[in-house]
Amino acid sequence: MPSNDVRILAQAAVPTAAVGAVAAVVSGVVAGGKGAIGAGVATLIVILFMGIGLYVLQRTAKSLPHLFQAMGLMLYAAQILLLFVFVAAFKNTTLFHPKAFALTLVVGTLTWIAAQTRAHMKSKILYVEPDSGTKPEKTGHSS
């Protein structure tokens with residue numbers, strides 16, 4: 001990943017992890033150990049899903065720039081759908097507190113999206129890839 005992409009990834013993952021840590025503490029106080037585990041698992045899922053999505057989106061931008069916008073919309077729709085599948089799959093689990101899991105999943109996802117948007121808005125991304133220092137050859141006649 002180019003340094004810009006890594007910077008955007010870090011600027012999105014760090015706030016999400018911080019919100020997840022706060023959610024784990026709050027869930028631990030409110031719902032006990034299972035609440036803290038649920039919040040921790042949800043935070044890991046959000047960071048994993050959104051991080052993979054960012055990686056896929058950046059690869060698409062480099063290799064198929066004409067599909068970038070459509071891929072971004074499809075990717076976010078798929079991520080939200082998969083997160084709903086996780087909530088539905090673990091609705092009645094006894095491994096952790098399902099409400100703490102679901103709330104942390106939603107809050108973590110919103111935090112990631114907001115942080116990624118902020119990071120992207122603040123980054124200075126070139127619209128055109130600069131040449132590697134080679135001068136273009138002259139074609140035609142000079143008078």
Can you check whether Thr94's main-chain N or O pairs, donor with acceptor, with Lys34's side chain at less than 3.5 Å?
yes
Starting from Val107, can I reach Phe96 by hopping between I/L/V/M/F/W/Y residues whose side chains sit under 4.5 Å apart? no
One should read off an interatomic distance between Leu57 CG and Leu73 CG, to the nearest 0.5 angstrom, of 9.5 Å
Problem - Hydrophobic cluster membership, Val22 vs Val30, 4.5 Å side-chain cutoff - result: yes
CG of Leu103 to NE2 of His97, rounded to nearest 0.5 Å, is 9.5 Å
Would you mind reporting whether Met71 and Leu64 have side-chain heavy atoms less than 4.5 Å apart? no
In terms of heavy-atom contacts, Ala42 and Phe101 come closest through CB-O, 3.4 Å
Shortest non-hydrogen pair, Ala115 vs Ala12, comes out as CB-CA, 3.8 Å
dist Gln11:CD -> Thr117:OG1 (nearest 0.5 Å) comes out at 12.0 Å
Determine, using the 4.5 Å side-chain heavy-atom cutoff (strictly less than), whether Leu82 and Trp112 are members of one ILVMFWY cluster.
yes
Rounded to the nearest 0.5 angstrom, the CD1-CD1 distance for Ile47 and Ile52 is 12.0 Å
Hits for side chain to side chain donor-acceptor pair (under 3.5 Å) against Arg59, two or more places apart or cross-chain, chain-then-number order -> Tyr55
> Side-chain contact, heavy-atom cut-off 4.5 Å: Ile37 with Leu95?
Replying inline: no
*asked:* Parallel, tilted or perpendicular, judged at 30° and 60°: which one describes the rings of Phe86 and Phe49?
replied: perpendicular
Separation between CD (Gln58) and CD1 (Ile8), nearest 0.5 Å, reads 6.0 Å
Original post:
Is there a side-chain contact between Val19 and Leu110, using heavy atoms and a 4.5 Å cut-off?
Top reply: no
Exactly one candidate in Ile45, Leu44, Thr43 meets side chain to side chain contact (heavy atoms under 4.5 Å, CB included) with Val41; the answer is Ile45
Check your understanding: Transitively linked via ILVMFWY side-chain contacts under 4.5 Å: Val56 with Met74?
Key -> yes
Looking only at heavy atoms, the pair that brings Thr104 and Ser27 closest together is OG1-OG, 4.3 Å
Here the gap from Thr60 atom OG1 to His66 atom NE2, rounded to the nearest 0.5 Å, amounts to 10.0 Å
Taken in chain and number order and not counting sequence neighbours, the residues that satisfy side chain to side chain donor-acceptor pair (under 3.5 Å) with Gln79 are none
